[in-house]
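For reference, the structure discussed in these notes is given below.
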Amino acid sequence: MADSREVNPGEVWEENEFWIELSWRIDPDGSLGIRRFYEAPDRPGEKMTVDDYYGWIFANSVPGLPEKAAAEGLTPLQYMRRYGAYEVRRGVGPLHEVEVPDDELEDVAVDEFGRVYTRAPLPPDPYPNLAPTGAPEPDPEGRRPVGVMVDGKVLRGWPTPSGRLEFYSRTLVEWGWPEYAIPTYIESHIHPSRLEEGQMPLISTFRLPVQIHTRSANAKWLDEIAHTNPLWIHPQDAARLGIATGDLVRVETELGHFVVKAWVTEGIRPGVVACSHHMGRWRLSENGQRQAMALVDLDRDGTRWTLRRRKGVEPYPSTDPDTARIWWSDVGIHQNLTFGVHPDPISGQHCWHQAVRVRESRTRGPLRRRDGGHLPFERGVPTVAGDDPVGARGVPRRDPAATLDNAAPQTDRTGLAPTPVTWVVAIVAATTAAFGVTGGIGGAVLMVPILVFLGVPPLQAGPLGLLMVVAGSVAAAPRQLEARLVNHRLGITVELAAGSGAVAGALASVALSEQVVIWMLALAALIAAGLGGRSRPLRNPPVPGLTADAVGERIGALAGAYPLDGGVAPYRVRRLPLGLGLMTVAGFLAGATGTSGGFLKSPVMSEVMTVPVKVAAATTTFTVGLTGVAALGVAIAQGRLVFPDASAVLVGSLVGGWLGAHFQTRLSPALVRRVLAGLLVVVAVALVATR
């Protein structure tokens with residue numbers, strides 16, 4: 001490997017690679033004499049690679065490693081790649097307490113502080129790179145410092161002028177900072193005396209003890225444990241600001257602001273807030289690490305930069321099946337871009353702590369965003385892509401130079417207590433289930449696109465739709481069976497084809513890209529709208545002389561009769577092979593998108609197989625539950641069903657299914673289908689337009 005970015009796309013440099021590249025760009029032809037220090041040791045004139053760099057280190061500066069590697073027929077670099085570590089020395093303790101051997105004590109002199117000097121030459125260091133040694137000055141006779149006298153023994157001591165642990169720095173005195181020669185307290189820019197009214201110190205240097213730097217994001221188990229960074233805030237400060245856990249807060253720095261969720265905890269000191277680092281990773285394209293990096297837009301307008309999240313992480317197909325089980329979407333906020341530089345005046349080191357103002361974000365409500373678009377979901381909870389450009393009362397806000405609009409951290413969803421958004425999902429599920437059962441097309445064809453429009457990943461929304469189909473079918477069954485509209489023989493026959501297609505669709509869904517699934521959802525909605533909105537002539541009129549005893553299925557045939565306008569209308573299934581083929585397609589689409597396929601199954605029964613509309617709708621409602629169970633089993637095995645969100649959909653679907661079955665016999669099917677057709681067109685267009 002010549003460059004670590006071959007496996008880590010983007011402008012994330014290893015430090016050694018950065019210096020190599022910088023040197024070659026400064027001195028491209030070697031005329032300045034800089035480039036030669038970064039040429040390959042065995043290939044003069046060629047740029048040093050990562051393998052060259054570490055290969056030389058392991059071969060020349062790790063005692064015993066070359067011999068150990070050679071014994072196994074390996075180079076030192078190959079040895080380290082295979083084993084990852086090499087033990088140089090055992091029992092290494094406090095080096096300052098090691099006694100100096102007699103062969104290093106020649107013509108010894110001891111000064112007033114106990115510093116020991118010797119004329120013995122410096123022996124080769126058998127253990128280089130293990131600890132800093134320093135270079136204290138020799139004594140007036142030219143002897144080198146070798147140790148310090150402690151209780152009659154010459155110990156190595158510390159690499160300081162006296163050989164002891166010193167609190168006085170002569171270097172700082174010589175550099176013109178005598179007031180800091182002895183350790184003392186220095187007030188920083190976040191000292192309370194320097195804070196303005198309303199400001200608080202933000203600690204950005206702590207981290208959750210799981211992630212560290214960028215490389216740990218490649219560990220999928222660590223990403224699942226910790227993937228976001230809420231703002232820690234004490235209950236006293238939260239009460240003063242009117243903030244609760246999970247609320248969006250705006251953190252304003254001297255350069256800009258970022259929006260993040262709050263976590264109210266007594267684990268932080270009152271008057272101080274904190275946001276963990278090593279989080280908020282981002283990328284500008286679909287390439288790159290996909291389980292801990294959000295996809296963002298980075299815009300520049302003069303000196304103003306805006307980083308706005310397009311979408312978080314989502315399940316995706318790969319050689320690792322666990323990537324299809326990703327249940328989180330929020331990967332936190334990259335706060336560093338809003339931090340000003342505050343270097344220490346002596347060392348030049350950067351002070352990351354910031355003086356900030358914290359207030360509640362002006363975005364309120366579960367379904368509101370600054371651009372009027374959809375809100376990305378985090379396991380069913382919407383996370384706002386930014387706060388409102390104007391205040392809650394229409395007051396324009398000040399625009400700092402840098403803005404980070406990002407999905408904020410996720411509150412705990414492991415309990416059973418529903419959040420306000422859970423109730424929104426339940427209401428949407430109930431409404432769409434009622435419409436779907438009434439129209440005989442299954443409400444999932446309306447609910448799943450709405451969830452995806454709101455930001456739920458398709459691989460997560462699909463199983464919720466399948467669950468809704470199953471629940472709605474179960475809720476509607478008693479009333480439909482009582483009305484004697486369901487043709488069980490027909491239902492079981494077509495379900496053999498539809499169920500097989502559903503299993504195939506569910507298995508294929510993890511291999512499809514999100515964009516493909518979204519287009520499939522939009523196409524499904526448009527097909528359902530086109531088929532559902534058509535006016536159908538009455539093909540099976542009542543037959544005089546038939547009594548209520550004739551209502552039901554005909555034994556031994558795919559035929560039957562149903563009550564209509566005070567009479568009884570008989571019917572017979574036609575074009576069965578074509579109908580079964582189309583049912584397989586409907587099942588595949590149901591399994592791949594979670595939309596039940598009822599929007600195709602019902603029209604296929606009525607238009608292709610000449611089954612009356614009401615019988616087709618009731619039989620479809622009965623069979624989509626079986627189709628949903630087949631595909632849902634696959635989705636659960638793939639780990640794609642988020643159970644907290646599933647509970648909301650389940651309750652809403654049961655209620656909606658019962659209501660839909662209640663109205664199915666009272667409302668005109670044609671009217672219901674036309675209303676549904678209009679809604680489906682709106683959803684399909686909005687879904688495509690926002691993607």
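All heavy atoms count here, side chains included; hydrogens, waters and symmetry mates do not. Residue indices begin at 1 and follow the sequence shown.
Salt-bridge annotation for D247 and K261: absent, with no side-chain N of the basic residue lying under 4.0 Å from a carboxylate O of the acidic one. Look at E104 and R144 and you find a salt bridge, because one of the NZ, NE, NH1 or NH2 atoms lies within 4.0 Å of a carboxylate O, short of that distance. Remark: D322 engages R325 in a salt bridge, criterion side-chain N to carboxylate O under 4.0 Å. A salt bridge does not link E314 to R290: none of the charged nitrogens lies less than 4.0 Å from a carboxylate oxygen. Note on E254 versus R357: no salt bridge recorded, every NZ/NE/NH1/NH2 to OD/OE distance being 4.0 Å or above. Looking at D139 and R143, a side-chain N of the basic residue comes within less than 4.0 Å of a carboxylate O on the acidic one, giving a salt bridge. Between E21 and K47 there is a salt bridge, with a side-chain nitrogen of the basic residue lying less than 4.0 Å from a carboxylate oxygen of the acidic one. Between E166 and R164 there is no salt bridge, since none of the side-chain N atoms of the basic residue sits less than 4.0 Å from a carboxylate O of the acidic one. Using a cut-off of 4.0 Å between Lys/Arg side-chain N and Asp/Glu carboxylate O, R240 and D237 are scored as salt-bridged.
Scanning both residues, A59 and P66, for their nearest heavy atoms gives O-CG, 3.4 Å. The two residues A238 and V264 have their closest heavy-atom pair at CB-CG2, 3.7 Å. Contact record, P136 with P161: CB-CA, 4.4 Å, taken as the closest heavy-atom pair. Shortest non-hydrogen contact noted between A244 and A262 is O-CB, 4.0 Å. The two residues A292 and R281 come nearest to each other via the heavy atoms O-CB, 3.4 Å. Summarising the geometry of A69 relative to Y79, their closest heavy-atom pair is CB-CB, 3.7 Å, with the distance given to 0.1 Å.
Shown here are the side-chain hydrogen bond (donor to acceptor under 3.5 Å, both in side chains) partners of D52, two or more places apart in sequence or in another chain: R43, T49. For the salt bridge (charged side-chain N to carboxylate O under 4.0 Å, His left out) test, no residue two or more places apart in sequence or in another chain qualifies with D27. In this view, R36 satisfies the side-chain hydrogen bond (donor to acceptor under 3.5 Å, both in side chains) rule with no residue, not counting sequence neighbours.
Across L241, V272, T245, a single residue satisfies side chain to side chain contact (heavy atoms under 4.5 Å, CB included) together with I233, and that is L241. With Y83 as reference, E72 is the one residue of K68, Q78, E72 to meet the side-chain hydrogen bond (donor to acceptor under 3.5 Å, both in side chains) rule.
Side-chain N or O atoms of R170 include none that pairs as donor or acceptor with a backbone N or O of L172 at under 3.5 Å. Remark: side-chain polar atoms of Q211 are not paired, donor with acceptor, to backbone N or O of P209 under 3.5 angstrom. Side-chain atoms of R283 come within 3.5 Å of backbone atoms of M293 as a donor-acceptor pair (strictly under, hydrogens ignored). A donor-acceptor pair is defined here as one N or O able to donate and one able to accept, closer than 3.5 Å; no such pair exists between the side chain of R250 and the backbone of V358. E39 places a side-chain N or O within donor-acceptor distance of the main-chain N or O of G45, the cut-off being under 3.5 Å. Distance alone, capped at 3.5 Å, is enough to place a donor-acceptor pair between the T323 side chain and the Y316 backbone. Counting only distance, with no hydrogens or angles, the side chain of S204 and the backbone of W352 share a donor-acceptor pair below 3.5 Å. Side chain of S61 to main chain of I57: a donor-acceptor pair is present (N/O by atom type, distance under 3.5 Å, no hydrogens or angles). A donor-acceptor pair under 3.5 Å is absent between the side-chain atoms of N229 and the main chain of H277, judged by distance alone. At distances below 3.5 Å, at least one donor-acceptor pair connects side-chain atoms of D111 with backbone N or O atoms of G114.
A donor-acceptor contact closer than 3.5 angstrom links the side chains of H353 and T205. Side-chain atoms of Q291 and D223 include a donor-acceptor pair closer than 3.5 Å.
Note: M200 CE to H234 NE2 = 10.5 Å, rounded to the nearest 0.5 Å.
Ring pair W328/H227 is parallel by interplanar angle, where below 30° counts as parallel and above 60° as perpendicular. Ring geometry for W232 against F206 counts as perpendicular: the plane angle is over 60°, on a 0 to 90° scale with 30° as the lower cut.
Atom CG of D103 has more than 12 neighbouring heavy atoms from other residues, nucleotides or ligands inside a 6.0 Å radius. In the displayed structure, E15 atom CD is contacted under 6.0 Å by at most 12 heavy atoms of other residues, nucleotides or ligands. More than 12 heavy atoms of other residues, nucleotides or ligands shown are found within 6.0 angstrom of CD on E174. Within a 6.0 Å sphere centred on CG of D102, heavy atoms belonging to other residues, nucleotides or ligands number 12 at most.
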Might you work through the side-chain contact (heavy atoms from CB on, under 4.5 Å) test for I34 and W24, ending with a clear yes or no?
CA-CA 8 Å; I34 300 174; W24 273 68; over 6 Å; no
Check the pair E187, R194 against side-chain contact (heavy atoms from CB on, under 4.5 Å), reporting the backbone distance first and the verdict last.
CA-CA 9 Å; E187 294 181 358; R194 301 190 178 187; 4.1 Å; yes
Assess whether side-chain contact (heavy atoms from CB on, under 4.5 Å) is satisfied between T253 and F339, documenting all intermediate values.
CA-CA 7 Å; T253 71; F339 293 163; 4.1 Å; yes
List the steps, then state whether side-chain contact (heavy atoms from CB on, under 4.5 Å) holds for C275 with L231.
CA-CA 5 Å; C275 191; L231 185 76; 4.2 Å; yes
Apply salt bridge (charged side-chain N to carboxylate O under 4.0 Å, His left out) to E137 and R115, showing your working.
CA-CA 11 Å; E137 297 179 1; R115 181 46 125 162; over 6 Å; no
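With contacts defined as side-chain heavy-atom distances shorter than 4.5 Å, the pair W282/V331 does not qualify. Contact annotation: the side chain of E17 approaches that of V50 to within less than 4.5 Å [non-hydrogen atoms, C-beta and beyond]. Two residues are said to be in side-chain contact when any heavy atoms from C-beta on lie closer than 4.5 Å; L208 and M279 meet this criterion. The shortest side-chain heavy-atom distance between D297 and L307 does not fall under the 4.5 Å cut-off. S162 has its side chain out of reach of V148: every pair of non-hydrogen atoms, C-beta onward, lies at least 4.5 Å apart. Residues L65 and M80 meet the side-chain proximity criterion, which asks for heavy atoms closer than 4.5 Å. Taking the side chain as every heavy atom from C-beta outward, V273 and V356 approach each other to under 4.5 Å. Looking only at side-chain heavy atoms (C-beta outward), T118 and D107 stay at 4.5 Å or farther from each other.
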